[in-house]
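For the numbers below, each heavy atom of this structure counts, side chains included, while hydrogens, waters and symmetry mates do not. Remember, it's 1-based here, ligands and their atoms both numbered in the order they're listed.
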Amino acid sequence: MANLEDNYDVVIVGGGPAGTTCGHLLAKRGHRVLMVEKEEHPRFRIGESLLPHSTKVWDELGLFEVFEKGPYARKYGAWFDFADGTEPETFYFGQDNPKRGDWAWNVERSWFDQILWDAALAAGANGVQNAEVTAFHKEGEGAAASISGVDVRTQDGTSHSIKARLTIDASGRLSLVGKLLGLRSPDPRLNMVAMYGHYENTPTLTGKDAGTIGIIAMADGWAWVIPFDEGKVSVGIVARNTAFAERVKGRKPADVFLDYVAETAAVHDRLGPDPVLCRDVESTANFSFRCSALAGSGWVLAGDAGAFVDPVFSSGVHLAMEGSRRLVLDAHKALSKGQGLVPKAAFAKYEGGTRKALKVFTRFIYKWYEDEYRWAFMRPPPNSAAVQFIKNRILRVLAGDVFQPWRVVPFMWTLEMMAKMNAAGVKRLNAELPPPGRAPQYMPGRENPPPQLPAS
Ligand SMILES: Cc1cc2nc3c(=O)[nH]c(=O)nc-3n(C[C@H](O)[C@H](O)[C@H](O)COP(=O)(O)OP(=O)(O)OC[C@H]3O[C@@H](n4cnc5c(N)ncnc54)[C@H](O)[C@@H]3O)c2cc1C
């Protein structure tokens with residue numbers, strides 16, 4: 001039976017990357033913390049490809065070397081296939097001589113989250129698993145409400161009322177406090193369905209590309225191939241809701257997933273001749289949302305509980321962990337100073353920084369779903385030093401360098417301008433636009449030489 005007290009400095013709902021990072025770093029600073037996790041580690045979770053800019057938080061948790069010694073190859077970059085008949089294009093975060101901080105890993109989350117959980121306990125956090133937060137002690141309504149603790153139902157069916165100066169909602173996309181306070185709104189521009197499974201018996205790549213992930217454009221969206229170790233890969237299909245609805249029609253999402261895998265050459269080629277699906281295909285829809293406030297009196301939202309944009313650039317775990325590292329800096333100050341509930345104002349820095357980081361990813365992701373922007377990114381003139389420079393800067397976004405937007409946003413603007421100019425070029429030529437997901441063949445530097453733009 002869980003040995004729970006009725007009062008902590010901080011109670012944390014959820015033991016994923018956000019919850020465990022908060023628990024670990026707050027306990028390390030001497031606060032009495034309780035992490036409550038509904039499931040039991042190791043448990044499956046999607047979100048397997050990590051970003052190099054998490055190195056700072058992994059170091060602070062003392063876990064970088066642990067991950068380095070784990071069973072997974074380093075991930076140095078990603079290949080993008082645009083289904084346009086040309087070779088996939090590979091990007092590396094660290095270019096030719098990657099140094100520490102230029103790679104991450106692809107991890108099975110059951111393994112990764114267990115390590116995070118155990119490390120938080122070792123740092124002095126209290127944790128209870130198979131225990132569900134069933135209610136929040138709330139007063140008032142909306143963002144102005146205060147929260148002074150939670151009710152927890154443990155595995156033996158007992159209910160515990162727990163008071164805390166700070167309640168951290170790290171419940172993932174369930175966003176329990178966001179829903180309770182009516183803060184959560186879906187993002188209508190990102191209306192997608194994701195279907196995913198794991199395959200074994202696929203070719204194992206060696207050398208620098210052993211952990212390189214694949215992002216494959218499809219007419220209905222895109223697919224991922226994320227290699228783990230020993231021939232095991234994660235495959236995901238992310239399709240527009242409307243396209244998915246057209247296909248599913250009384251069938252199971254798993255059938256739609258298998259159709260897409262069979263139809264998408266770059267995916268089934270990567271899986272080799274005898275892939276074996278080794279876990280049930282799962283699906284999730286309408287996962288993009290944000291909350292209008294990230295903190296209030298006695299509460300704060302961490303990781304996905306505050307917002308989730310889209311999986312395309314593997315940003316979720318990074319935002320959850322690096323965001324939580326920043327949240328803890330604010331929380332520690334406030335907890336050390338006063339008494340009573342931690343006020344909203346304590347989280348001004350965390351909230352501002354997180355919003356900026358989310359804005360960078362959101363902007364990039366919106367653009368990613370516009371074909372003309374993808375073309376400009378994927379098919380720039382290869383010999384232009386200026387364009388390569390811009391592209392390298394934008395690769396920083398893909399590495400997770402998003403908490404200081406001035407480092408990347410001007411380059412994103414420039415690329416957006418280039419994309420517009422390219423699209424205008426197509427129109428002026430009356431060239432036929434390619435079907436979605438295909439790069440236009442007029443783009444310079446490829447097998448088909450570009451037609452000459454008429455002199456203006
Ligand atoms: C299709 C898809 C693909 C993705 N791919 C990637 C990727 O490649 N890379 C990447 O970085 N991110 C990816 N993500 C995002 C990633 O899954 C999340 O961003 C990440 O898991 C967020 O961590 P978290 O700790 O905020 O939430 P979670 O990992 O979701 O953890 C929340 C925890 O809260 C617990 N919980 C919920 N309710 C309660 C309750 N009432 N009481 C107690 N505990 C509770 C849950 O059991 C869970 O363990 C993907 C997301 C989707 C949808």
Side-chain angles (χ1 to χ4, degrees), residues 11-23 34-54 75 78 104-110 112-114 116-117 120 127-136 150-154 167-180 190 192-197 213-215 221-226 234-239 257 281-289 301-324 327 354 358 361 398 400:
V11 65
I12 300 171
V13 187
T20 51
T21 303
C22 291
L34 175 68
M35 305 181 295
V36 184
E37 170 54 52
K38 181 168 81 165
E39 297 182 38
E40 184 173 351
H41 293 294
R43 51 101 178 90
F44 174 81
R45 208 86 193 155
I46 198 63
E48 299 149 332
S49 171
L50 308 178
L51 297 186
H53 265 257
S54 292
K75 165 192 164 187
W105 301 271
N106 307 314
V107 294
E108 284 174 90
R109 286 284 300 277
S110 48
F112 183 74
D113 288 17
Q114 173 87 66
L116 295 177
W117 178 265
V128 55
Q129 304 191 70
N130 294 309
E132 185 173 0
V133 168
T134 52
F136 292 85
V150 296
D151 289 347
V152 176
R153 191 176 51 233
T154 43
T167 299
I168 300 181
D169 180 5
S171 62
R173 281 177 285 116
L174 285 177
S175 184
L176 294 174
V177 169
K179 268 191 206 143
L180 177 73
L190 297 169
M192 313 294 280
V193 179
M195 299 150 266
Y196 37 90
I213 66 165
I215 308 234
W222 59 280
W224 78 68
V225 180
I226 297 177
S234 167
V235 175
I237 302 288
V238 182
F257 169 86
V281 173
E282 293 190 22
S283 63
T284 172
N286 302 327
F287 35 74
S288 306
F289 72 95
L301 313 182
D304 277 11
F308 181 68
V309 190
D310 187 273
V312 67
F313 296 125
S314 309
S315 54
V317 171
H318 175 59
L319 291 174
M321 296 189 76
E322 175 58 21
S324 294
L327 180 160
T354 303
L358 281 166
F361 266 125
L398 301 189

Would one find an N or O of [X], backbone or side chain, under 3.5 Å from an N or O of ligand 1?
X	value
His318	no
Val13	no
Asp113	no
Ile226	no
Thr284	no
Arg43	yes
Arg109	yes

Provide, to 0.1 Å, the distance between [atom] and the closest protein heavy atom, together with that atom's residue and name.
atom	result
atom 48 (C) of ligand 1	Glu37 OE1, 3.5 Å
atom 34 (O) of ligand 1	Gly14 CA, 3.2 Å
atom 4 (C) of ligand 1	Pro311 CB, 3.5 Å
atom 14 (N) of ligand 1	Gly47 CA, 3.6 Å
atom 15 (C) of ligand 1	Phe308 CE1, 3.3 Å
atom 25 (O) of ligand 1	Ala18 N, 2.9 Å
atom 26 (O) of ligand 1	Asp304 N, 2.9 Å
atom 45 (C) of ligand 1	Lys38 CB, 3.6 Å

Give the atom numbers and elements of ligand 1 that come within less than 4.0 Å of a heavy atom of [X].
X	result
Leu174	37 (C), 38 (N)
Glu39	47 (O)
Ala170	32 (C), 33 (C), 34 (O)
Arg173	53 (C)
Gly172	27 (O), 30 (O), 32 (C)
Gly316	10 (C), 11 (O), 12 (N), 15 (C), 19 (O)
Gly303	26 (O)
Ser49	7 (C), 8 (O), 9 (N), 10 (C), 11 (O)

Which is it for [X] and ligand 1 at heavy atoms under 4.0 Å: side chain, backbone, both or neither?
X	value
Leu176	side chain
Glu48	backbone
Ile46	both
Ala194	side chain

Evaluate side chain to side chain contact (heavy atoms under 4.5 Å, CB included) for Thr354 paired with Leu319, printing each intermediate quantity in order.
CA-CA 8 Å; Thr354 303; Leu319 291 174; over 6 Å; no
More than 12 non-hydrogen atoms from neighbouring residues, nucleotides or ligands closer than 6.0 Å to CZ on Arg153, yes or no?
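No, the 6.0 Å shell around CZ holds no more than 12 heavy atoms from other groups.
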Rounded distance (nearest 0.5 Å) linking atom [atom1] of [X] with atom [atom2] of [Y]:
X	Y	atom1	atom2	result
Leu358	Phe308	CG	CZ	10.5 Å
Glu322	Leu51	CD	CG	11.5 Å
Tyr196	Glu48	OH	CD	9.0 Å
Asp151	Thr134	CG	OG1	5.0 Å
Arg45	Phe112	CZ	CZ	13.5 Å
Thr167	Leu176	OG1	CG	12.0 Å

Quick check: does any side chain N or O of [X] sit under 3.5 Å from a backbone N or O of [Y], one acting as donor and the other as acceptor?
X	Y	value
Ser283	Ala194	no
Asp169	Ala305	no
Lys75	Ile213	no

Going by the angle between their ring planes, with limits at 30° and 60°, are His41 and Trp117 parallel, tilted or perpendicular?
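Ring orientation, 0 to 90° scale: tilted.
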If we only consider heavy atoms of Ser234, is any one of them less than 4.0 Å away from an atom in ligand 1?
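No, Ser234 has no heavy atom closer than 4.0 Å to ligand 1.
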Given Ile46 and Glu282, is the side chain to side chain contact (heavy atoms under 4.5 Å, CB included) satisfied, shown in steps?
CA-CA 9 Å; Ile46 198 63; Glu282 293 190 22; over 6 Å; no
CA sep, side-chain torsions, deciding dist, call: Val312, Trp224, side chain to side chain contact (heavy atoms under 4.5 Å, CB included)
CA-CA 8 Å; Val312 67; Trp224 78 68; over 6 Å; no
Side chains of Ser49 and Ser314: any donor to acceptor distance under 3.5 Å?
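A donor-acceptor contact under 3.5 Å links the two side chains.
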Please walk me through it: do Val36 and Glu132 pass side chain to side chain contact (heavy atoms under 4.5 Å, CB included)?
CA-CA 7 Å; Val36 184; Glu132 185 173 0; over 6 Å; no
